[in-house]
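Just the heavy atoms: all of them, side chains too, but no hydrogens, waters or symmetry mates, feed the values below. Along the sequence shown, the residues carry numbers beginning at 1. Ligands are counted one by one from 1 in listed order, and the atoms in each one are counted from 1 as well.
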Amino acid sequence: MKKDLFSKKANIYEKDDKRVSNVDNIANAISNNVELDKNMSLMDFGSGTGLLLERIAPYVRKITGIDISSSMNSELIKKKESLPCELDVLEIDMELESLKENFDGIISSMTMHHIKDIDSLFVKFYSNIRAGGFLAISDLDLEDGSFHTEDTGVHHFGFDREAIAEAAKKAKFQNVKVIDASIVEKPHGKYPVFLLTATKNV
Ligand SMILES: C[S@@+](CC[C@H](N)C(=O)[O-])C[C@H]1O[C@@H](n2cnc3c(N)ncnc32)[C@H](O)[C@@H]1O
């Protein structure tokens with residue numbers, strides 16, 4: 001069992017206004033660039049306390065939050081009754097485990113940089129999306145390593161947009177696009193954030 005790297009952060013995670021407004025921007029970028037509807041069942045990969053999924057919840061039927069951290073999952077479960085869609089929370093390490101379920105789409109914010117082997121994860125994502133479904137994942141552009149001030153299991157200092165688009169294409173995703181989604185401003189720098197969207201063709 002991996003250590004819960006967010007155990008000290010989970011209950012204060014949403015107290016950071018810049019973090020919350022970054023996810024606001026990401027959710028807006030997703031809802032402006034992907035067609036969502038009330039029949040859809042989505043996966044939120046690395047759902048954390050649910051900042052992203054609670055913003056997408058009004059537009060879909062169900063969201064399955066996948067997260068390795070029991071402390072983050074506990075915070076998310078507290079929101080279950082007040083969410084305007086169904087919620088399942090699965091405590092899974094997506095690097096080690098696989099899911100059989102198929103989703104209409106996968107959303108994710110600020111989680112890919114925690115994943116060592118993103119090529120394998122894109123292959124998993126592809127197998128968990130039904131034909132005709134979509135992928136919408138957001139994360140940091142390449143940065144100098146100064147974004148994180150504590151170790152929460154960071155494997156990438158952001159991503160080069162072309163390289164991450166290639167990784168999605170290699171896993172057979174189509175219509176891969178990478179656009180600007182947000183900028184996180186910290187006292188020591190500005191950190192742009194992208195949104196990658198793609199489809200799994202019928
Ligand atoms: C920076 S937080 C982002 C949370 C949320 N998406 C947001 O934007 O507020 C990253 C989340 O990914 C989760 N995570 C990291 N590695 C994971 C893995 N291998 N499988 C599932 N979840 C993982 C962490 O536990 C954490 O909750």
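Side-chain contact, N33 with T197: no donor N or O sits under 3.5 Å from an acceptor N or O.
D44 has its side chain out of reach of I66: every pair of non-hydrogen atoms, C-beta onward, lies at least 4.5 Å apart. In this structure, K172 and K200 have side chains that are not in contact, with every pair of non-hydrogen atoms separated by 4.5 Å or more.
For ligand 1, the atoms lying closer than 4.0 Å to a non-hydrogen atom of V23 are 8 (O). Listed by atom number, the atoms of ligand 1 under 4.0 Å from L51 heavy atoms are 9 (O). Atoms of ligand 1 found under 4.0 Å from any heavy atom of Y13 (numbered from 1 in listed order, with element): 1 (C), 2 (S), 3 (C), 4 (C), 7 (C), 9 (O). Taking a cut-off of under 4.0 Å to the non-hydrogen atoms of I92, the atoms of ligand 1 that pass are 20 (N), 21 (C).
Under 4.0 Å from ligand 1, the heavy atoms of I115 that appear belong solely to its side chain. If you look at D67 next to ligand 1, the close heavy atoms, those under 4.0 Å, come from the backbone and the side chain alike. Contact annotation for I68 and ligand 1: heavy atoms of both the backbone and the side chain come within less than 4.0 Å of the ligand.
Nearest heavy-atom pair, V123 versus A171, reported as atom, atom and distance to 0.1 Å: N-CB, 3.8 Å. Considering every non-hydrogen atom in both C85 and K38, the closest pair reads CB-NZ, 4.3 Å.
Checking N22, L140, L142 one by one against Y191, the side-chain contact (heavy atoms from CB on, under 4.5 Å) holds for a single residue, L140.
Backbone and side-chain nitrogen or oxygen atoms of F45 are examined, and none is located within less than 3.5 angstrom of a nitrogen or oxygen of ligand 1. Close N/O approach between D93 and ligand 1 is found [any backbone or side-chain N/O within under 3.5 Å]. Between S109 and ligand 1, an N or O atom pair is found at a separation short of 3.5 Å. Between F6 and ligand 1, not a single N/O pair is under 3.5 Å apart.
We find that K186 and D16 are not joined by a salt bridge, their nearest charged nitrogen and carboxylate oxygen being 4.0 Å or further apart. Salt-bridge annotation for K79 and E54: present, with a side-chain N of the basic residue lying under 4.0 Å from a carboxylate O of the acidic one.
When R19, H148, H114, M72 are ranked by how near their heavy atoms come to atom 15 (C) of ligand 1, first place goes to H114. Counting only non-hydrogen atoms, the option in S138, G48, G46, S47 that gets closest to atom 6 (N) of ligand 1 is G46.
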